[in-house]
Amino acid sequence: MGAIRYDLIIIGGGHAGTEAALAAARMQIKCLLLTHNIETIGQTSCNPAIGGIGKTQLVKEVDALDGVMATAADRAGIQFRVLNSSKGPAVWATRAQVDRVLYKAIIRDFVENQENLFLFQQAVDKLLIEKDRVIGVVTQSGIVFHAEAIVLTTGTFLGGKIHIGGQNHQGGRSGDPASLKLASYLRELPFRTGRLKTGTPPRIDGRTVNYSKLREQPGDTPCPIMSYLGSVEQHPRQVSCYLTYTNQKTHHIVQQGLMTSPMYSGEISSVGPRYCPSIEDKIVRFSHRDSHQIFLEPEGLQTYEIYPNGISTSLSYEVQEELVHSIEGLENCHITRPGYAIEYDFFDPRDLKPSLETKAISGLFFAGQINGTTGYEEAAAQGLIAGINAALKIKEKEALILRRDQAGVSVLIDDLVTRGTEEPYRMFTGRFEYRLFLRQDNADIRLCEIGRKLGVVGEARWRSFCEKQEAIEKEKQRLKSYWVQPNSTAALQFAKHYQKPLEREYTIIDLLGRPEVDYETLAKIGVLENPIPRKEVVEQINIQAQYHGYLIRQQKEIERLQHYELAKIPDNINYELIKGLSNEVRQKLIEIRPKTINQASRIPGMTPAAVSILLIHIKQPVV
Amino acid sequence: MNDTIAAIATPPGKGGIGIIRISGPNTLKIARIVLGSQPKQRLAIFSNFSNASGEIIDQGVAIFFKSPHSFTGEDVLELQGHGGSVIMDRLLKTVIEQGARVAQPGEFSQRAFLNGKIDLSQAEAVSDLINASSEEAAKSAVRSLQGAFSERIHSLLQKLTHLRMLIEAAIDFSEEEIDFIDTLSIRKELKELLAQIGEVKKGTRQGVLLQEGLQIVIAGEPNTGKSSLLNKLTNRESAIVTDIPGTTRDVIRESIQIDGLPVHIVDTAGIRSTSNAIEQEGIRRAKEVISTADLVLLMQDATRPNEVPIYFDKPTIIIQNKIDLLVEKSSSKEIESGFLIRLSVKTEDGLDLLKYHVKQFAGYRAEEGQFIARRRHIDALVRCEEFILKTLQQVEVRAGFELLAEELLWAQNSLSEITGKFTNEDLLDRIFMTFCIGK
């Protein structure tokens with residue numbers, strides 16, 4: 001069969017694969033997205049929700065770089081909330097429950113309408129590699145496609161094995177076959193692999209749920225928006241979620257049925273994560289709690305299926321049924337799909353460069369769950385970066401490697417490639433040492449311009465961003481020279497409202513720096529005249545003023561460390577020749593091959609002394 | 001390299017001269033304060049060295065080198081004092097207060113290399129030195145962490161970590177419906193932390209906790225020669241020496257230098273069961289004092305070989321005295337909790353051996369003595385306190401949890417010099433071990 005040539009091939013049409021393909025296509029790269037089933041492009045396999053604490057940052061970054069996840073969330077979102085709204089903006093997280101079917105359709109729509117992007121339905125069996133470079137793939141039917149680079153985003157499909165109680169069968173996801181040939185092919189390559197597992201709860205028929213005693217959780221008012229370019233008008237009809245709890249009876253049932261779980265019977269020996277993904281984990285590890293909460297999340301407007309968030313399980317179906325029926329509101333419910341655990345191959349991300357290209361094989365990029373992460377947002381963010389870097393590689397340009405103070409996705413990637421992971425890695429804001437910098441509200445400020453220079457941010461987004469920035473700067477300037485005199489009417493209004501007199505003159509910007517003060521209130525009480533109506537501009541001004549002092553302090557810290565970030569370690573450095581390093585440190589350096597001194601300092605086990613020695617050594621000419 | 005470092009550049013206390021070297025952007029400012037005037041370049045001047053309040057700490061020769069014509073390539077100031085270790089330390093403290101921090105081992109040489117002032121072979125020698133010195137410093141730091149001081153630091157750290165964990169969990173897992181912590185509790189914890197830090201700074205009731213120098217307690221049965229030993233070490237008649245057992249009623253304190261190493265020795269009442277109330281009081285005080293010691297010298301009478309040594313919970317040197325009565329030569333050997341030395345206070349045979357072991361114990365060599373490590377700890381503690389105060393201020397203005405988390409992160413980082421790094425991963429570990437967090 002003749003070989004057809006593309007610039008880039010993306011294997012897998014999930015969250016990582018679609019963002020990767022779309023990004024590269026926007027950069028004028030001719031892409032082929034290979035999937036074993038076109039109908040499953042953009043499928044949300046588990047929780048039908050986009051966003052969460054720590055995760056929304058990633059969604060917004062994808063959005064800022066003109067990816068589609070946030071827009072799809074706006075157009076398919078049926079319940080929106082802002083999490084952590086009682087805390088400060090740095091940790092706010094917009095979360096959207098999405099209509100599964102709608103979401104998928106929107107993603108597919110994007111993919112099918114993207115210039116330079118082509119689809120093909122066939123599973124991939126192996127890669128074609130020549131002299132440590134990828135040159136193409138071979139599909140199930142022996143069709144060969146050539147390309148200069150490949151992005152692998154097969155999610156949980158590699159060697160996927162689904163467990164329901166003691167029964168198991170191969171599958172990439174419920175209803176989809178596993179990628180077995182490809183898995184065994186990849187295991188032959190020089191990559192370290194491991195097995196991870198994740199799980200999902202049973203689905204329930206909403207018509208059989210008794211809502212009368214359950215607490216309703218409607219979306220927020222006003223309705224939040226996910227994308228920077230989004231609007232409330234895009235949202236479909238909104239619905240509520242409902243809250244219920246497990247109880248002693250539930251726990252007893254789980255205890256009794258514990259041995260039906262392959263995790264607890266010993267059949268699966270993969271390392272458990274530190275958190276509790278399944279209901280059996282929760283009950284075993286925290287047995288003193290007599291109830292755990294469960295969110296009943298509707299899966300869509302055109303279906304009655306409910307996703308009970310909180311009872312992920314791999315117990316046998318009989319036990320699942322019993323435990324579900326023991327829960328208030330679910331006593332008579334009908335289960336539409338059983339819950340299950342899935343084991344799958346993943347690749348040790350320490351075998352990747354910070355660009356997500358594999359160290360061993362040139363032109364081969366890995367992104368998404370196969371790198372050991374969990375979550376759609378984590379996958380999408382990696383996919384986008386991998387797509388950009390694959391495109392840059394093809395154009396023979398330097399890869400995009402962001403710093404830890406620039407983006408949540410770079411924290412994610414840096415953690416993965418420098419430290420590896422033993423459990424499914426998910427994002428928390430606690431992972432950001434620059435949490436006040438990496439907010440959901442400023443991803444565009446951080447990344448749009450970078451994306452524009454690379455060619456991944458399109459005209460519409462760029463114009464919108466520039467216009468918003470101008471409006472923000474203009475208003476900030478105005479407020480910096482807008483003085484409130486101590487005995488003016490405005491000052492009196494201020495004192496009256498905030499119970500604090502102004503003893504001298506202040507600018508509005510000064511006043512906004514006080515935690516209790518915000519723009520809208522100043523306008524309302526008559527302290528600020530001619531307020532501008534644009535919400536997103538006002539929001540930025542509030543937030544920037546609020547964090548001003550902290551951001552300056554963090555900025556100083558970032559600059560101090562930049563010194564070490566800029567100290568690049570040459571690619572061909574020979575660690576064997578450096579005196580004074582302990583064996584343990586030397587081994588780690590050889591394994592990870594960090595690119596900068598700063599990255600080296602983050603390797604577990606690195607000592608300050610070793611960093612000093614490295615610093616001295618790299619000042620020498622290439623050995 | 002935008003901060004200013006300082007260190008005592010000579011091995012402490014061989015009598016004579018001690019040099020403090022300062023390098024970095026604040027050097028000139030520090031020079032003006034310590035010398036009282038603007039120094040000229042490369043001119044050796046004889047000057048008073050004063051602290052910020054004008055109090056004269058020492059006198060000596062000062063030389064200022066303007067960047068780039070200096071050892072490190074930055075502005076460098078050398079202060080050659082001659083006061084011995086304790087005074088050197090006071091001077092260092094002043095320098096630090098004016099905007100420097102204690103240099104890491106090898107840091108001057110590192111800066112010299114990075115500024116192109118020394119070449120590779122010199123730098124390789126530096127690599128070895130850095131490694132060796134930092135191990136030494138680490139050992140020294142560890143040793144100085146024994147005793148009540150370290151216990152306080154550890155307990156502080158536990159408390160701080162716990163608070164951080166709760167606040168971080170409240171941020172990242174606010175959807176889990178677990179009440180991690182509320183503002184009232186945060187305020188309470190912060191105030192307790194501040195109180196604890198305050199206590200550590202003030203020291204214990206006896207005030208021995210944070211004195212620079214080694215805290216040594218001489219203990220043992222009555223009439224084993226404790227007071228005599230103390231007198232020999234101090235060359236003075238400070239304790240009452242008589243033949244009657246149980247004569248030292250009070251706790252006698254002396255501050256001496258053993259070859260330049262500052263040592264605070266406490267002589268305790270003889271420990272034995274007694275109905276004598278005065279003795280009992282003395283014994284009670286003795287036990288309290290031992291709890292604050294870095295090292296215990298346990299005196300025994302070598303002529304009574306069947307004595308069972310009492311082990312304290314501290315590094316101990318057992319001294320078996322009066323070998324002159326056995327016509328024996330002095331000797332030392334390693335035992336489980338330290339060393340055993342056989343000597344004679346009367347003839348002074350073995351006293352040098354004792355001094356040697358005491359200095360060894362203090363990790364007393366190369367560039368760092370134990371008291372310098374403590375100086376660094378105190379610095380770190382003061383910085384930590386500032387951040388905790390700031391956190392409390394933020395709580396009062398109802399700042400968001402993310403700002404509290406930020407201040408506490410800085411608080412913990414400032415302690416990490418003493419305790420090692422506590423990473424985000426460690427924090428997540430703690431959270432997951434303590435709370436049931438779903439996916």
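Lettering follows sequence order; numbering is per chain, from 1.
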So which part of [X] gets closer than 4.5 Å to some heavy atom of chain A, the side chain, the backbone, both or neither?
{"X": "B/E175", "result": "both"}
{"X": "B/L403", "result": "both"}
{"X": "B/L409", "result": "side chain"}

Contact class of [X] relative to chain B, heavy atoms under 4.5 angstrom:
{"X": "A/Y245", "value": "side chain"}
{"X": "A/Y550", "value": "side chain"}
{"X": "A/P604", "value": "neither"}
{"X": "A/R439", "value": "neither"}
{"X": "A/Q293", "value": "side chain"}
{"X": "A/E557", "value": "side chain"}
{"X": "A/I283", "value": "neither"}
{"X": "A/R289", "value": "side chain"}

Polar side chain donor-acceptor pair, [X] to [Y], under 3.5 angstrom:
{"X": "A/T374", "Y": "A/R426", "value": "no"}
{"X": "B/E402", "Y": "A/Y547", "value": "yes"}
{"X": "B/Q412", "Y": "B/T161", "value": "yes"}

For this session: Determine the interplanar angle of the B/F173 and B/F180 rings, folded into 0 to 90°, and report it as parallel if under 30°, tilted if 30 to 60°, perpendicular if over 60°.
Result: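 It falls in the tilted class, 30° to 60°.
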Exercise. Taking the six-membered ring of A/Y242, is NZ or CZ of A/R215 closer than 6.0 Å to its centre and within 45° of its axis?
Worked result: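 Geometry flag: not set, cation outside 6.0 Å or 45°.
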Exercise. Judged by atom type as modelled, is there a donor-acceptor pair below 3.5 Å linking the side chain of B/D182 to the main-chain atoms of B/S185?
Worked result: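 Here the side-chain-to-backbone pair exists.
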Exercise. Between B/D75 (side chain) and B/G24 (backbone), is there a donor-acceptor pair under 3.5 Å?
Worked result: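 Here the side-chain-to-backbone pair does not exist.
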Exercise. Where is the tightest heavy-atom contact between B/N26 and B/T4, given as atom of each residue plus distance?
Worked result: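 B/N26 and B/T4 have their closest heavy atoms at N-OG1, 2.8 Å.
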For this session: Output the distance between atom CG (B/N413) and atom CD (A/E433), rounded to the nearest 0.5 Å.
Result: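 Nearest 0.5 Å value for the CG-CD distance: 10.0 Å.
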Problem set entry | chain A contacts, top residue of B/R398, B/Q394, B/E406 (heavy-atom pairs, under 4.5 Å) |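 Among the listed options, the one with the most contacts to chain A is B/E406.
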For this session: May I ask you to name which of A/F286, A/F432, A/F295 has the most heavy-atom pairs under 4.5 Å with chain B?
Result: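 Maximum pair count with chain B is reached by A/F286.
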Problem set entry | Residue among A/D281, A/N47, A/I53 with most heavy-atom pairs under 4.5 Å to chain B |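 Among the listed options, the one with the most contacts to chain B is A/I53.
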